[in-house]
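So you know, we letter chains A, B, ... as the sequences are listed, proteins then strands, and number each from 1. Atoms considered below: every heavy atom in the structure, side chains included; atoms not considered: hydrogens, waters and symmetry mates.
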4 protein chains.
Amino acid sequence: MCRRHPLPPGAAGRSGRPGRPRSAAADTAILEATRAALVELGWSKLSMGDVATRAGVAKTTLYRRWAGKSELVVDAVAVLFDELELPDRGSLAADVEGVVRQFAALLERPEAKTALMAVVAESTRDEPLRERIRASIVDRQKRLVVEGRARAQARGELPVTADDRSGAAGAADDLVFDVIAGTVVHRALVSGQPVDGEWIRRFTALLLGGLGAAAHG
Amino acid sequence: MCRRHPLPPGAAGRSGRPGRPRSAAADTAILEATRAALVELGWSKLSMGDVATRAGVAKTTLYRRWAGKSELVVDAVAVLFDELELPDRGSLAADVEGVVRQFAALLERPEAKTALMAVVAESTRDEPLRERIRASIVDRQKRLVVEGRARAQARGELPVTADDRSGAAGAADDLVFDVIAGTVVHRALVSGQPVDGEWIRRFTALLLGGLGAAAHG
Amino acid sequence: MCRRHPLPPGAAGRSGRPGRPRSAAADTAILEATRAALVELGWSKLSMGDVATRAGVAKTTLYRRWAGKSELVVDAVAVLFDELELPDRGSLAADVEGVVRQFAALLERPEAKTALMAVVAESTRDEPLRERIRASIVDRQKRLVVEGRARAQARGELPVTADDRSGAAGAADDLVFDVIAGTVVHRALVSGQPVDGEWIRRFTALLLGGLGAAAHG
Amino acid sequence: MCRRHPLPPGAAGRSGRPGRPRSAAADTAILEATRAALVELGWSKLSMGDVATRAGVAKTTLYRRWAGKSELVVDAVAVLFDELELPDRGSLAADVEGVVRQFAALLERPEAKTALMAVVAESTRDEPLRERIRASIVDRQKRLVVEGRARAQARGELPVTADDRSGAAGAADDLVFDVIAGTVVHRALVSGQPVDGEWIRRFTALLLGGLGAAAHG
DNA sequence: ACCTAATCGAGACGGTACGTCTGGTCTTTAG
DNA sequence: CTAAAGACCAGACGTACCGTCTCGATTAGGT
């Protein structure tokens with residue numbers, strides 16, 4: 001944990017540090033305030049001072065813990081993406097449809113959509129920020145792909161390849177992840193069209209068709 | 001044309017309007033200055049005043065024509081996306097690979113990637129801006145999908161459906177467009193991994209497999 | 001007349017000048033609009049563009065005729081000061097009281113007081129403007145002092161000096177003018193206290209006492 | 001003191017206030033910079049941003065302390081008027097001539113004359129500003145009149161009235177103050193003629209004659 | 001019961017950019 | 001040559017945030 005600003009690596013959560021310890025309640029209040037401000041104001045009109053006021057905290061406290069708006073927002077919204085789950089729905093198609101539906105629902109929440117695109121935009125000129133986004137948001141969700149694939153293989157819906165056995169299936173999973181996440185984001189935020197049942201079925205059919213063809217070819 | 005700020009809809013380019021006409025040279029200079037500033041500074045540090053200075057133009061001239069930073073940047077980068085082409089490479093696979101490669105190259109240009117994600121982020125809270133992005137950037141590139149499909153159908157690589165004959169193939173084309181554009185953007189800007197030959201081949205295979213399966217199923 | 005901007009001295013009101021003649025109605029409308037704007041907005045918030053709009057005239061027309069805000073306002077308010085009169089009230093004391101009362105009434109008009117002090121302030125760094133104020137406003141009112149003195153001498157209230165006979169009484173008249181105008185302005189605009197009957201009587205008594213003492217000393 | 005912008009009246013200079021205290025050095029630097037700018041540029045071309053730059057201070061610091069240009073300039077020039085003194089020159093006439101000479105010298109300083117008339121002009125539409133001018137500049141100089149009268153009475157040059165004994169001599173002092181200040185300002189700034197020895201003697205004679213006549217009448 | 005040291009709130013600080021408003025000028029077409 | 005219209009450059013306006021700083025006041029552990 002501890003994606004905080006100072007608190008130099010050595011002295012992390014150690015309780016024996018001298019001086020007054022940081023308030024844990026402040027952290028919670030700040031992140032909640034950030035999400036609330038995102039909903040009300042969106043990314044571009046959200047200001048650090050406003051977040052501090054909402055959280056009942058001094059600006060200094062904010063900057064002591066996060067380096068800037070982007071870092072704060074990444075932490076504030078990361079938890080939203082961890083809510084995604086992959087219950088076993090009985091078939092690969094059902095599993096894919098379920099996760100797409102969940103992801104689309106998430107992208108309808110204003111704090112998620114405005115924050116996600118904005119921090120990605122910022123990260124195009126800020127490599128550490130991109131890393132932070134990857135670590136906090138993106139890579140954590142690859143588990144859904146890995147789990148879905150494993151489950152489909154267990155069901156016999158997908159073949160087990162040499163790569164899988166050697167643990168090097170990353171490239172294939174990455175591709176599937178980019179296709180699902182990218183396509184849904186593009187549909188919802190760029191094309192601005194609804195991610196409804198009809199579209200989800202068509203997309204799932206396309207994806208599974210591709211996976212099946214790849215398995216046979 | 002005229003995606004400009006005032007110039008009330010009725011009285012557009014008419015030459016008989018009273019008063020001094022708007023300088024056409026200023027338009028060109030402003031859009032060029034905007035792109036240059038995007039390259040140097042990125043979206044978040046680009047300022048209207050700086051663009052005006054670079055363009056040798058007063059700030060008022062800028063605000064007379066564009067309502068804000070987002071609108072200006074959309075116009076400035078829209079032209080970049082119009083450079084995408086779809087020369088006949090002999091097969092659907094080659095056509096897809098070619099357009100993906102072109103699109104990835106475009107997303108490596110700093111003015112394109114920083115601007116694209118940022119204006120999409122802004123558009124999540126600004127419906128008119130979203131429309132402007134769609135009209136100026138997104139929808140214009142759907143021609144590539146339509147043209148590619150038609151060419152593949154002419155080659156016999158894809159079947160001609162009833163929808164195509166009735167001209168209602170929109171939904172299928174939209175899906176393919178979201179998949180291609182979304183996946184490439186996600187790979188390049190979110191995952192932050194290279195869009196190289198190997199990946200392009202895998203992605204194209206997946207997509208074409210999906211299209212083929214859809215055709216047969 | 002012609003305290004205007006261009007219209008070079010030679011070619012003044014000549015009717016045989018080539019081209020469209022200047023509209024006389026515009027002059028009237030502009031000066032009236034200026035006075036109206038002074039009443040509503042005061043000096044500092046009065047703008048040339050606003051005056052032009054109120055007068056139904058283009059800004060160019062304004063600048064063709066007046067060099068700037070100060071010059072325009074001087075012309076606009078000069079006429080107000082010409083309304084001061086000195087009817088024969090039977091005695092020097094009554095004449096002085098009458099003119100003081102009139103002047104105080106004038107200084108209660110918002111366009112007069114805001115304009116007068118402002119153009120004087122501007123004139124501290126603008127010699128031509130000071131001259132214009134003197135010519136258009138100040139010196140024109142010295143007639144009141146000259147006339148009052150002559151009438152008092154005719155009544156025998158004041159002695160006739162050698163200076164009067166030689167026509168060199170300017171210095172004495174100037175002093176009286178500065179005392180009256182300066183004192184009333186200071187009372188009304190700086191001290192901000194009412195110029196009422198009681199005060200006027202006291203002031204008149206002081207002034208006439210001083211004149212009488214000078215006559216005897 | 002504390003003619004500042006916020007700093008709510010109750011919590012004035014208290015040291016126990018929370019937060020970083022205001023820099024006293026900034027105050028000095030700002031007022032000096034304001035006077036310097038007045039000398040160089042005059043009232044109308046003086047800008048808040050320029051004053052801030054000269055003082056090595058941020059614009060926000062300026063606006064945190066003064067509500068606008070007028071308030072700032074009043075504070076900046078008020079100190080100049082406090083330099084006026086009334087040393088005992090042995091007679092009322094000499095005292096009056098002395099103070100007139102000092103006042104005229106002050107009105108030759110560009111920062112004093114341009115500022116004085118301009119803020120009075122502004123105050124014609126701004127009652128709080130008028131009060132501030134009165135409190136900071138005008139009323140403070142009435143001490144000169146009060147002191148001069150008391151000294152003349154002590155010398156036996158002027159009679160002691162019932163009003164003096166009851167401490168209600170305000171009206172008479174106010175009148176003398178308006179006459180002296182108003183007349184000198186009008187001579188210097190409106191008539192634009194020199195306040196030289198000759199004129200001062202004439203004016204003093206007139207004033208003292210009036211006072212003497214009032215005493216006897 | 002002190003001491004040390006980092007925290008907390010508050011709010012002032014130097015900056016930068018904002019978007020608007022004027023001031024004056026220039027460039028049109030129309031009379 | 002003037003008029004109305006309106007675009008043009010220049011630059012001040014007052015505001016909002018930024019991220020830093022300086023305060024006095026807490027709030028712990030370590031002594």
Is there a side-chain contact between B:Trp66 and B:Leu31, using heavy atoms and a 4.5 Å cut-off?
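A side-chain contact exists here, since the closest heavy-atom pair is under 4.5 Å.
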By nearest heavy atom, map A:Gly19 and B:Ala26 onto DNA chain F; which one lands nearer the 5' end?
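Taking each residue's closest nucleotide, the earlier one in sequence belongs to B:Ala26.
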Does [X] make a side-chain N or O approach to OP1 or OP2 of [N] shorter than 4.0 Å?
X	N	result
B:Arg65	F:dC8	yes
D:Ser23	E:dA12	no
C:Arg64	F:dA3	yes

The side chain of D:Pro18 lies closest to which of these nucleotides: E:dA10, F:dC9, F:dA3?
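Within the option list, the nearest is E:dA10.
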To the nearest angstrom, how far is [X] atom [atom1] from [N] atom [atom2]?
X	N	atom1	atom2	value
D:Trp66	F:dG14	CH2	P	15 Å
A:Trp43	F:dC18	CH2	P	10 Å
B:Arg17	E:dA30	CZ	C1'	16 Å
B:Ile30	F:dC9	CD1	C1'	12 Å
D:Leu41	F:dA12	CG	P	10 Å

Do A:Arg22 and E:dT7 share a donor-acceptor pair, side chain to base, under 3.5 Å?
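Side chain to base: no pair below 3.5 Å.
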Any donor-acceptor pair under 3.5 Å between the side chain of D:Arg20 and the base of F:dC21?
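Side chain to base: pair present.
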Output yes when [X] and [Y] qualify as a salt bridge under the 4.0 Å nitrogen-oxygen rule, no when they do not.
X	Y	answer
D:Glu127	D:Arg132	no
D:Arg130	D:Asp126	no
D:Glu40	D:Arg54	yes

If you take all heavy atoms of C:Ile133 and C:Ser123, which pair is closest and at what distance?
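In terms of heavy atoms, the two residues are closest at CD1-CB, 3.7 Å.
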Any idea which heavy atoms bring D:Thr114 and C:Ala121 closest together, and the distance?
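The pair with the smallest heavy-atom distance is OG1-O, 4.1 Å.
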For B:Pro21 and for A:Gly56, locate the closest nucleotide of DNA chain E by heavy-atom distance; then report the residue assigned to the nucleotide nearer the 5' terminus.
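Result: A:Gly56.
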Listed partners of B:Ser23 passing side-chain contact (heavy atoms from CB on, under 4.5 Å), at least two apart
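Applying side-chain contact (heavy atoms from CB on, under 4.5 Å) to B:Ser23 gives B:Ala25, B:Ala26, B:Arg65.
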Please tabulate the protein-to-nucleotide N/O contacts below 3.5 Å involving nucleotides 20-24 of chain E, giving atom names and distances.
from: E:dG23; atom 1: OP1; to: C:Met48; atom 2: N; distance (Å): 3.4
from: E:dG23; atom 1: OP2; to: C:Met48; atom 2: N; distance (Å): 2.7
from: E:dG24; atom 1: OP2; to: C:Tyr63; atom 2: OH; distance (Å): 3.3
from: E:dG24; atom 1: N7; to: C:Lys59; atom 2: NZ; distance (Å): 3.2
from: E:dG24; atom 1: O6; to: C:Lys59; atom 2: NZ; distance (Å): 2.9

